[in-house]
**Q** 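Pasting in a structure now, in structure tokens, and then I'll have a few things to ask.
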Amino acid sequence: MRWLQALIPTTKEDPVQAQVLSHKLMLRGGMIHQLASGVYSGLPLGTRVLHKISAVIREEMDGMGGQEVILPILQPLQLWQQSGRVGQYGPLLFRMQDRKEAAFCLGATHEEVVACLLRDCLRSYRQLPLLVYQIQTKFRDEIRPRFGLMRGREFLMKDGYSFCLDPQQTREIYQRVRATYERIFARCGLKVVVVEADSGDMGGSSSHEFQVPAQAGEDVLIHCTACGCAVNQEVLGELVPGDVNQQQQQTECPRCHQAAVTRQRGIEVGHIFDLGTKYSDAAGAVVQDGQGKQVPLHMASYGIGVGRVAAAIMEQNGAEGRMHWPVSVAPFHVALIAVGHTDRVRQAADDLYVALQREGVQVLYDDRPERLGVKFKDADLVGCPLRVCVGERGLQQGVIELQEGGEDSSQETVPLQSAVTHIAGRVRTKQAKRVLTHFRFVHSLGSFALGIGGKSGAAVQSR
RNA sequence: CGGGGUGUAGCUCAGCUUGGUAGAGCGCCUGCUUUGGGAGCAGGAAGUCGUAGGUUCAAAUCCUGCCACCCCGACCA
């Protein structure tokens, strides 16, 4: 993308509305634009990041046998009445009526909808375990939207739902999704901790949150080095005394009562729930098992806040006026900067821009007639993993300059002739590192869960 | 929903106390000079002062209602 004509409205100053780092960076970097409280437009850069994160999620979910679907955003309110969630969840729902004055709401989550879907469309227990997911905008009339994409009233979420024959099968899938989630976040360059959580209005027996430790986090995480428990403070039903902002301070563990508790703030980027049969019962979602008996489907649900992941990455990898994206989710691989305005520089930069793209490298080419300082400051904000400068000074020696993202990375020179292969190679290496760390293979859910290939039906029956 | 705060140009703000009909910096447009970390000079475009009403000869300024946004609490991906 050529910067001159791109919609990237960077700003020199922090917008007043933003308090936390990720929000400031997103606004200053021209990634998002606020329309109303908790409602944002995604500008080209922000949209690209959300797409990249979504792509990682899709790869991993598909890789473990998940099937992507698109569930309706427009939902009959009646569904929520049947599941009994209008009560607690009610105020969070955006409601509306159709022309016949029938009550509808916008999808805040899809347990009800997907339970109905499976009730009608599941043909045989042989299809189980089944995992469907979608990546879609969710609507919640939050009491207090804040911090940009961290808590919006309209936000992009990946929600997944598994259906099993029994609790045991659900536990297996649950554990596998948990492992998949850890891979997803690792590929996004995030350090996460998994904590026990409160399942809240969602219902069900057990739930875990994926928390990114960060000052800007809205949750407080408790970790006990003695008993090993890691929980969200809200689970304990009591406040652990002391100052959250003093990480080193150790207090008594509410579980094992040893003074070995550390606490930190966290951003909840994912949450998984073992739901039992709550929604299946409400929807009448049953299946005939191997003995011909009607049994309710056992359900679990799995969420990831896509925008929140982006915000969390920025909290972890950003600084004032500066971002550094991991290649996997960066808006562009390379920021290409034309230094100076001579014909020779322009020609060389133009050529490099075209050649790199031909090699599959995603390039943000700053071709604006701006001064260098302006281009560098903006490049700092956008935070591409690699920065390439083409300038008169280098061209005289037949080289361009290459720099890794990040604050104090050193600069190296690369001969112009080998620049394309060198840069493309560097991008591939950075990507490969992640792929190798997270090696995986595609297989069906059933065969994995049962530890054998093929005859999943028979195996379920023998259980 | 309770408590606090803010609404004036695309952005950050001054002007309001003491009413007299709107300003600065940044950004944007034109020209010249600059050009290796947010340039200089000259010229220019841009605002129903959140909104509705009231007081007044006269309201950005005083009064009342409403709305929006931000911050602190409950909520969540």
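By convention in this document, chain letters (A, B, ...) are assigned in the order of the sequence lines, proteins followed by strands, and residues within each chain are numbered from 1.
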**Q** Looking only at side-chain N and O atoms, does A/R371 come under 4.0 Å of OP1 or OP2 in B/U34?
**A** no
**Q** First locate atom CD1 of A/I173, then atom CG of A/L128, and finally report the distance between them rounded to the nearest 0.5 Å.
**A** 9.5 Å
**Q** Quick check for you: to the nearest 0.5 Å, what is the distance between A/L416 atom CG and A/L352 atom CG?
**A** 7.0 Å
**Q** Return the CE to CD distance between A/M61 and A/Q67, rounded to the nearest 0.5 Å.
**A** 10.5 Å
**Q** When you compare the ring of A/F376 with the six-membered ring of B/G38's base, are the centres less than 5.5 Å apart and the planes under 30° from each other?
**A** no
**Q** Is the closest side-chain donor-acceptor distance between A/E401 and A/T413 under 3.5 Å?
**A** no
**Q** Applying the Watson-Crick and G-U wobble criteria at under 3.5 Å, what pairs with B/G37? Answer none if nothing qualifies.
**A** none
**Q** Heavy atoms under 4.0 Å, any strand shown: does A/G160 hit a base, just sugar-phosphate, or nothing?
**A** nothing
**Q** Does anything in residues 73-83 of chain A come within less than 4.0 Å of RNA chain B? Heavy atoms only, and list the residues if so.
**A** none
**Q** Base, sugar-phosphate alone, or nothing: which one does A/V269 contact when heavy atoms must sit under 4.0 Å apart?
**A** sugar-phosphate
**Q** Taking the six-membered ring of A/F147 (Phe, Tyr or Trp), confirm whether the NZ or CZ of A/R151 is under 6.0 Å from its centre and within 45° of its axis.
**A** no
**Q** Across nucleotides 9-14 of chain B, 5' to 3', mark each nucleotide with B, S or - according to how protein heavy atoms within less than 4.0 Å reach it.
**A** --BSS-
**Q** Strictly below 4.0 Å, N to O, side chains only: are A/E404 and A/R426 in salt-bridge contact?
**A** yes
**Q** B/C28 pairs with which nucleotide, Watson-Crick or G-U wobble, both distances below 3.5 Å?
**A** B/G44
**Q** Can you tell me, in whole Å, how much space there is between the P of B/U8 and that of B/C70?
**A** 14 Å
**Q** On a whole-Å scale, what distance lies between the C1' atoms belonging to B/C29 and B/G7?
**A** 29 Å
**Q** Checking base pairs now: Watson-Crick or wobble, both atom distances under 3.5 Å. What partners B/A74?
**A** none
**Q** Going by an N to O cut-off under 4.0 Å, is there a salt bridge joining A/D380 and A/R28?
**A** no
**Q** Decide yes or no for A/P129 and A/E172: does some side-chain heavy atom of the first lie under 4.5 Å from some side-chain heavy atom of the second?
**A** no
**Q** In whole angstrom, give me the gap between the P atoms of B/C28 and B/C71.
**A** 29 Å
**Q** Start at the 5' end of RNA chain B and walk down; is the nucleotide closest to A/R151 or to A/K377 reached first?
**A** A/K377
**Q** With a 4.0 Å cut-off on heavy atoms, is A/E392 in touch with a base, just the backbone sugar-phosphate, or nothing at all?
**A** base
**Q** Scan every strand shown for a Watson-Crick or G-U wobble partner of B/A9, both distances under 3.5 Å, and answer none if you come up empty.
**A** none
**Q** Honestly, is A/R48 close enough over A/F332, meaning NZ or CZ under 6.0 Å from the six-membered ring centre and within 45° of the axis?
**A** yes
**Q** Would you say that A/H333 contacts A/I423 through its side chain, given a criterion of any heavy-atom pair below 4.5 Å between the two side chains?
**A** no
**Q** What is the distance, to the nearest angstrom, from the CD atom on A/E111 to the C1' atom on B/C76?
**A** 13 Å
**Q** When rounded to the nearest 0.5 angstrom, what is the spacing between CD in A/Q34 and CG in A/L149?
**A** 10.5 Å
**Q** Take atom P in B/U61 and the same atom in B/C49, then report the distance between them in whole Å.
**A** 9 Å
**Q** Are the aromatic ring centres of A/H208 and A/Y174 under 6.0 angstrom apart?
**A** yes
**Q** Pairing check on B/C16: which nucleotide meets the Watson-Crick or G-U wobble criteria with it, both distances under 3.5 Å?
**A** none
**Q** Between A/Y40 and A/H23, what is the shortest heavy-atom contact and its length?
**A** OH-NE2, 3.3 Å
**Q** Do any of residues 297-308 of chain A sit with a heavy atom less than 4.0 Å from RNA chain B, and if so which?
**A** A/G303, A/G305, A/R308
**Q** Mind checking A/G340 for me? I need base, sugar-phosphate or nothing, with any heavy atom below 4.0 Å counting as a touch.
**A** nothing
**Q** I'd like the P distance from B/C16 over to B/C63, given in whole Å.
**A** 14 Å
**Q** Taking atom C1' in both B/C57 and B/C1, what distance in whole Å separates the two?
**A** 45 Å
**Q** With respect to the side chain of A/D219, which nucleotide from B/C26, B/C76, B/A77 is positioned closest?
**A** B/C76
**Q** Quick one: do A/K375 and A/E370 make a salt bridge, cutoff under 4.0 Å?
**A** no
**Q** Please confirm whether the ring centroid of A/Y89 lies under 6.0 Å from the ring centroid of A/W80.
**A** yes
**Q** Under 4.0 angstrom, heavy atoms only, what part of the nucleic acid is A/G394 near: base, sugar-phosphate, or nothing?
**A** base
**Q** Using the C1' atoms only, state how far B/G73 lies from B/G47, rounded to an integer number of Å.
**A** 37 Å
**Q** Just checking, is any N or O donor in the side chain of A/E182 or A/T180 under 3.5 Å from an acceptor N or O on the other one?
**A** no
**Q** Measuring from the side chain of A/R146 (C-beta onward, heavy atoms only), which nucleotide among B/C26, B/A77, B/G73 has the closest atom?
**A** B/G73
**Q** Side-chain N or O of A/H271 versus OP1/OP2 of B/A77: is the shortest distance under 4.0 Å?
**A** yes
**Q** Quick check: on RNA chain B, is the nucleotide nearest A/R140 upstream (toward 5') of the one nearest A/P145, or the reverse? Name the residue that is more 5'.
**A** A/P145
**Q** Test for a donor-acceptor pair under 3.5 Å between the base of B/G36 and the side chain of A/E401, counting only N and O atoms.
**A** yes
**Q** Using atom P in both nucleotides, what's the gap between B/G3 and B/C66 to the nearest angstrom?
**A** 14 Å
**Q** Report all side-chain donor-acceptor pairs from residues 390-397 of chain A shorter than 3.5 Å, counting only partners two or more places apart or in another chain.
**A**
from, atom 1, to, atom 2, distance (Å)
A/E392, OE1, A/T342, OG1, 2.7
A/E392, OE2, A/R344, NE, 3.1
A/E392, OE2, A/R344, NH2, 2.7

**Q** Check each residue of residues 346-354 of chain A for a non-hydrogen atom within less than 4.0 Å of any atom in RNA chain B, then write out the ones that pass by number, or none.
**A** none
**Q** Which nucleotide sits closest to the side chain of A/R387: B/G37, B/G27, B/A39?
**A** B/G37
**Q** Hey, would you say the A/Y161 and A/Y133 ring centroids sit under 6.0 Å apart?
**A** no
**Q** Both distances below 3.5 Å, Watson-Crick or wobble geometry, any strand: find the nucleotide opposite B/U61.
**A** none
**Q** What's the spacing between A/E154 CD and A/S41 OG if we round to 0.5 Å?
**A** 8.5 Å
**Q** For RNA chain B, determine which residues of residues 28-47 of chain A have any heavy atom closer than 4.0 angstrom to one of its atoms, and list them numerically.
**A** A/R28, A/Q34, A/A36, A/S37
**Q** With a 4.0 Å limit, can you tell me whether A/R393 has a side-chain N or O closer than that to the phosphate oxygens OP1/OP2 of B/U35?
**A** no
**Q** Find the distance between CG (A/L221) and OG1 (A/T262) and round it off to the nearest 0.5 Å.
**A** 9.0 Å
**Q** Both distances under 3.5 Å, Watson-Crick or G-U wobble: report the partner of B/C66, or none.
**A** B/G50
**Q** Hey, does A/Y89 reach any base, or is it just sugar-phosphate, or nothing, if we go heavy atoms under 4.0 Å?
**A** nothing
**Q** Of all the choices, B/G37, B/A74, B/C75, which nucleotide is nearest to the side chain of A/L372 once you look at every atom?
**A** B/G37
